[in-house]
Colleague: 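Please read through the structure below; I'll follow up with questions.
Since the model is a prediction, treat every value here as computed from it, not as a measurement. First the proteins, then the strands, lettered A, B, ... as listed; each starts at 1.
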Amino acid sequence: MDPAEYDLPVFHRGGFRRRTCVVCGSGFWTLGEHDRCQEAPCREYGFVGHPIFARPYDVRGMRSEFLGFFEARGHTRLRRYPTVARWRNDVFFTQASIYDFQPWVTSGAIPPPANPLAISQPVLRFNDLEEIGRSGRHFSLFEMMAHHAFNRPDHPVYFKDRTVELCHELLTGPLGTDPLGITYKEEVWEGGGNLGPSLSVGVAGLELATLVFMEYVRDGADLRPMPLTVVDTGYGLERFVWASQGTKTAYEAVFGAEYDELRRTFPPREAALLIDHARALNFLLTDGVVPSNSKEGYFARLVLRRSLRILDQTPEAPTLVALLDRAAREIALDFPEVGEHRDDLHRTVEAEIERYREAIARARQTIRRTEDRLRSTGGSVTSEDLLAWYDSLGVPPEVAVEELAAPPAIPEDFYARVAARHEGETPTTEYTETTAPLPEVPASVPATEVGYYLDPYTVSFEARVAHADGPYVVLDRTYFYPTGGGQVTDTGHLGDLAVVEVSRRGPHVFHRLERESPFRAGDKVRGRIDPVRRTQLMQHHTATHLLNGALREVLGPHAWQAGAYKAPEAARIDVTHYRPLSKEELRRVDRRVNEIVREDRPVKSYFEARTEAERRFGFTLYQGGAVPGKELRIVEVPGFDVEACGGTHCTHTSEVGAVSILDVERIQDGIVRLTFASGERALDLREEHEEILQEAARRLGVPVAHLPSGIERLLAEVEEGRRTRKERRREDLQGTAARLRAEAGAPADRRPLVIAAEVDLDRRELMELSRLLTRDGNAVAVLAAEREGRGTLFVGSTAPGVSALSVLEAGTPAFAGKGGGNPSAATAVGEPGEPLRTAWRAARDAANRATDD
RNA sequence: GGGCACGUAGAUCAGCGGAAGAUCGCUGCUUUCGCAAAGCAGAGGUCGGGGGUUCAAAUCCCCCCGUGUCCA
């Protein structure tokens, strides 16, 4: 990066000098006399015992100091965003404050909610779990305080100079840091295809903040300037608090009394880990993550189970629920939403604890059995087994060892070796913005004015063609709904040509025609939307919201929409829940939804400032993922459900008609899917189902009401028939066996009985017959059969010293038989006809010879 | 999203290329005034589904489905 990027007026004004760190070699700016940047590892921690701020702060005090400082300097204070980044498909969690504004705001697609702004964003990072409690400074959840500015060419806010000025003023002003002790180290930040210079702010060995200036787009080897430049800062709240108190570890400073309480029962490391995890879990669960075995749910399960393991090892430990409650009380002082819905959170946690206990109990059994088996063969359990058990059964090694009579040592690097087992796996697919292959539109084409938001009933309109390219037409205004938000496209006509698909990219709506567009820019066209399809889609979409509301009422607020799809034929909604829906829950959801439909409540759709909407309704607005825009389109069923949504909706719940839930399934751990239909389609389906029932009843010859018992009877009959057939076959075989035995007569003395016969049976029957013949012991059966042009020779023996296999082998060459077996049963297949008979005679003779001995 | 493990009698599981098993539960008989218990006898299986390899597949291979688990 060009050194000029860091050569800021603010440094020169303030008398800073640029130096080079003797350790890491980086350039840095400072007022003090330093030969190295003031960050670990270039210099050691110098703040422990010597706080670097004028006075100690707790978390709350520091947060409000920071936000107040920026608010007083023209920044709008924003509330936190959810810790689960539902609006992105490349990450699970909000890992930095800038995530709140990616990708829509930072790409310039939509304006920021405020500009400039200040926020303290709780962020989750699970990549250093092993360090938590051990390092003294790692957290799975921490708050990233930030001030952001988004600069458009026509609307600059501030960039590097002012950012550094603000940062420096904060540190040296209200916080009272010694100006000479601060270093601004030159770094390069790169991410998501963007890059820019950044400055890392170090004091007394601690990296307090990072100031990033997103400025360029990487275009191959070249850098292009971004149309929108972004100030992305990150100030670690916990670090600030720690530095202000100068305690030995960050945990003491950050968690205060809560930490002291736990220290009475746990060693420092465990105490810190427990509070840290309790804090993360509270946020995760509040923000709607249900513990599961995949995606974001796994991380909730991971921290939950890690906590449980520690609690389980300590007899006087509090319960996990109590621990979470204690942490929630603390968090709720600043984030009141975390304290709400305690009962629901408890139920989720209890369900997860139960599952963990079950998994461990099952695993213990498997482990014991495996060890028994190994020991009986002279083997023993190895540390490799411990790894495999952890991986496939989820048993932590300490638990496995408890179960073993001769446990191996738990490897020091156990979890590293677990990680090694996962190397070479296919990486997760990279984030790709899902844009249809739409043609480029000249910048001069104005944004499409869309009418469906405020008027979903207009299905015929006049518009002017703004741009046409191949089959694609962009209009100056449209009422066609483009695929999005889980709602499929409208169809219809432009002029006489069918519109087969409508999609949106950026500000433009593209109508794809059935063939090459005859229209040219400037043409006037009439748009007609297929009204039946549109109405059905509206009904399905509104019904989705109603179901979502009912599910949250019935299941609890942890039930978040995890996906939805609305097509004309049917719609579905996926919600997070910790176990399959019970019949009763389903019945209540069904009743509640249809009750809301009957009540004919208004469905209000309107635009509202994002900040205001979030304040009024909270983040549960974002059921369908975050919706871009400074203004949110709110779809509200007063007193029941409010969501930010861009879809077309009915204006009254009664228009939905009726909602029929067609199917419920668990699509993965922690997510249930409801498939349903509403409106006309629900009636159609009801009719179809009725017809199917009628038809089934007619074919069974019973009234519909007796279908279940009729089917039961039918099944019983089928079963009876199966039994009878089986019985008859057995009797046939028994008859054959009796006949053959009689023909063979009684053997002399105690010599084994040899029964040889040609029969017409298949392989399986041969085996059964042989079994019948030799059941009483001391007998040899030599059976031959022909089926499908192949000859089969079967030998069974219960005679001591007579090997069925040897007898068989005496016959195999004669009919080119291939086969094998064991001393008690052997079979071969070869040529049919005379060769088979020859083989059979050879085998019979061999059997007779063997029994003569 | 990927890796691994698992799916066999009503339940818990064994078997891991050659004639489907154990324990508990169930039914009947013996014993008892009755129950429990014990003994004896018996019923109960498309070995998750579908393809393939093989003379032969619960067993090996592939693809699905389901469950668990670890990792992103």
Colleague: Counting heavy atoms from C-beta on, name the nucleotide in B/G68, B/A19, B/G3 closest to the side chain of A/Met767.
Modeller: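 Of all the options, the side chain of A/Met767 is nearest to B/A19.
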Colleague: Between B/C29 and B/C35, how far apart are the P atoms? Round to whole Å, please.
Modeller: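 Their P atoms lie roughly 12 Å apart.
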Colleague: So A/Gly394, base contact, sugar-phosphate only, or nothing? Heavy-atom distance under 4.0 Å.
Modeller: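 Contact class for A/Gly394: sugar-phosphate only.
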Colleague: Rounded to the Å, how far apart are A/Glu765 CD and B/A56 C1'?
Modeller: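 Interatomic distance, CD of A/Glu765 to C1' of B/A56: 16 Å.
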Colleague: The side chain of A/Arg373 is closest to which nucleotide in this list: B/A5, B/A72, B/A14?
Modeller: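 Per side-chain heavy atoms of A/Arg373, the pick is B/A14.
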Colleague: Have a look at A/Thr798 and tell me which of A/Val780, A/Thr774, A/Leu753 forms a side chain to side chain contact (heavy atoms under 4.5 Å, CB included) with it.
Modeller: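 The residue from A/Val780, A/Thr774, A/Leu753 that satisfies side chain to side chain contact (heavy atoms under 4.5 Å, CB included) with A/Thr798 turns out to be A/Thr774.
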Colleague: Quick check on RNA chain B: between A/Glu665 and A/Gly796, whose nearest nucleotide comes earlier from the 5' end?
Modeller: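 Result: A/Gly796.
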Colleague: Closest to the A/Lys818 side chain: B/A19, B/U67, B/C55?
Modeller: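 My answer, after comparing the listed nucleotides, is B/C55.
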Colleague: Answer with base, sugar-phosphate or nothing: what part of the nucleic acid does A/Arg368 contact at a heavy-atom distance below 4.0 Å?
Modeller: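 It contacts nothing in the nucleic acid.
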Colleague: From the options B/G68, B/A19, B/C70, select the nucleotide whose nearest atom is closest to the side chain of A/Thr798.
Modeller: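 Side chain of A/Thr798 sits closest to B/A19.
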Colleague: B/U46 and B/A20: how far apart are their P atoms, nearest whole angstrom?
Modeller: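 Roughly 15 Å separates the two P atoms.
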Colleague: Rounded to whole angstroms, how far apart are CZ on A/Arg764 and C1' on B/A19?
Modeller: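 Roughly 9 Å, once rounded to whole Å.
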Colleague: Could you check which nucleotide pairs with B/G44 in any of the strands shown, counting Watson-Crick or G-U wobble with both distances under 3.5 Å?
Modeller: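 With both distances under 3.5 Å required, B/G44 matches none.
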Colleague: For A/Arg763, report the nucleic acid contact type (base, sugar-phosphate, nothing); a contact means any heavy atom under 4.0 Å.
Modeller: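 Base, at least one base heavy atom under 4.0 Å.
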Colleague: Categorize A/Phe126 for me: base, sugar-phosphate, or nothing, with a 4.0 angstrom heavy-atom threshold over every strand shown.
Modeller: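 Counting heavy atoms under 4.0 Å across all strands, no contact is made by A/Phe126.
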Colleague: With A/Thr576, which of A/Leu551, A/Val290, A/Val289, A/Leu555 fulfils side chain to side chain contact (heavy atoms under 4.5 Å, CB included)?
Modeller: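 With A/Thr576 as partner, A/Leu551, A/Val290, A/Val289, A/Leu555 yield a single side chain to side chain contact (heavy atoms under 4.5 Å, CB included), made by A/Val290.
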Colleague: Considering only atom C1', compute the distance from B/C55 to B/A14 and round it to an integer number of Å.
Modeller: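 So the two C1' atoms sit 28 Å from each other.
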Colleague: So what does A/Leu805 touch, heavy atoms closer than 4.0 Å: a base, only the sugar-phosphate, or nothing?
Modeller: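 Counting heavy atoms under 4.0 Å across all strands, no contact is made by A/Leu805.
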Colleague: What are the two closest heavy atoms between A/Asp760 and A/Glu786, and how far apart are they?
Modeller: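 In terms of heavy atoms, the two residues are closest at OD1-O, 3.7 Å.
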Colleague: In whole angstrom, what separates A/Asn822's CG from B/A56's P?
Modeller: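 Atom-to-atom, A/Asn822 to B/A56, this comes out as 17 Å.
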Colleague: From CZ of A/Arg369 over to P of B/C13, roughly how many Å is that when rounded to an integer?
Modeller: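 It is 5 Å, rounded to the nearest whole Å.
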Colleague: Between B/U69 and A/Arg305, is there an OP1 or OP2 to side-chain N/O distance shorter than 4.0 Å?
Modeller: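 Answer yes for this pair, as a side-chain N or O of A/Arg305 is under 4.0 Å from OP1 or OP2.
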Colleague: Please find the pair of heavy atoms, one from A/Leu320 and one from A/Ser307, that lie closest to each other, and give the distance.
Modeller: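 Scanning both residues, the minimum pair turns out to be CD1-CB, 4.0 Å.
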Colleague: Rounded to the nearest Å, what distance is computed from the CD1 atom of residue A/Ile360 to the C1' atom of nucleotide B/U69?
Modeller: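 From A/Ile360 CD1 to B/U69 C1': 10 Å.
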Colleague: Of all the nucleotides listed (B/A5, B/C70, B/A20), which has the minimum atom distance to the side chain of A/Ser392?
Modeller: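 From the listed options, B/A5 comes nearest.
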Colleague: Verify the ring-centre separation between A/Tyr99 and A/Tyr81: is it less than 6.0 angstrom?
Modeller: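 Distance test on ring centres: not under 6.0 Å, no.
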Colleague: Taking the minimum atom-to-atom distance to the side chain of A/Arg790, which one of B/A19, B/C55, B/U69 wins?
Modeller: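 The closest nucleotide is B/C55.
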Colleague: Taking the six-membered ring of A/Trp560, is the NZ or CZ of A/Arg86 close enough (under 6.0 Å from the centre) and on axis enough (within 45°)?
Modeller: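 Relative to the ring axis of A/Trp560, which defines the angle, A/Arg86 lies inside both limits.
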Colleague: Select one nucleotide: of B/U67, B/A19, B/C70, the one nearest the side-chain heavy atoms of A/Ser770.
Modeller: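 Ranking B/U67, B/A19, B/C70 by closest atom to the A/Ser770 side chain puts B/A19 first.
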Colleague: Ignoring the backbone of A/Asn293, work out which of B/G2, B/U69, B/A56 is nearest its side chain.
Modeller: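 From the listed options, B/U69 comes nearest.
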Colleague: Is A/Thr366 touching bases, backbone alone, or none of the nucleic acid, heavy atoms closer than 4.0 Å?
Modeller: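 Counting heavy atoms under 4.0 Å across all strands, no contact is made by A/Thr366.
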Colleague: With a 4.0 Å cut-off on heavy atoms, is A/Ser797 in touch with a base, just the backbone sugar-phosphate, or nothing at all?
Modeller: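 Answer is base: heavy atoms of A/Ser797 come under 4.0 Å of a base.
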Colleague: For A/Arg357 and B/G68, give me the distance from atom CZ to atom C1', rounded to whole Å.
Modeller: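 Spelled out: CZ on A/Arg357 to C1' on B/G68 is 18 Å.
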Colleague: Between B/G68, B/A72, B/C55, spot the one nearest the side chain of A/Phe299, thanks.
Modeller: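 My answer, after comparing the listed nucleotides, is B/A72.
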Colleague: Test the A/Arg763-A/Phe794 pair against the cation-pi criterion, namely NZ or CZ under 6.0 angstrom from the six-membered ring centroid and within 45° of the ring axis.
Modeller: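 Judged by the rule (NZ or CZ under 6.0 Å from the ring centre, within 45° of its axis), A/Arg763 is not positioned above A/Phe794.
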Colleague: Within the structure shown, what part of the strands sits under 4.0 Å from A/Arg775 by heavy-atom distance: base, sugar-phosphate, or nothing?
Modeller: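 No contact at all - A/Arg775 keeps every heavy atom at 4.0 Å or more from the nucleic acid.
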Colleague: Rounded to whole Å, please give me the gap between CD in A/Glu809 and P in B/C55.
Modeller: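 That distance rounds to 16 Å.
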Colleague: What distance, rounded to whole Å, do you find between the two P atoms, one in B/G2 and one in B/G44?
Modeller: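 My reading of the P atoms in B/G2 and B/G44 gives 43 Å.
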Colleague: In whole Å, what is the span from the CG atom of A/Asp762 to the C1' atom of B/A56?
Modeller: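 Spelled out: CG on A/Asp762 to C1' on B/A56 is 13 Å.
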Colleague: Nearest to the A/Gln365 side chain among B/U12, B/G18, B/U69, which nucleotide is it?
Modeller: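 Nearest listed nucleotide: B/U12.
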Colleague: Looking only at side chains, do A/Gln668 and A/Ser294 share a donor and an acceptor under 3.5 Å apart?
Modeller: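 Side chains of A/Gln668 and A/Ser294: pair found under 3.5 Å.
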Colleague: Considering just the side-chain nitrogens and oxygens of A/Arg301, establish if one lies under 4.0 Å of OP1 or OP2 belonging to B/U69.
Modeller: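 So the side-chain polar atoms of A/Arg301 do come within 4.0 Å of the phosphate oxygens OP1 or OP2 of B/U69, strictly under.
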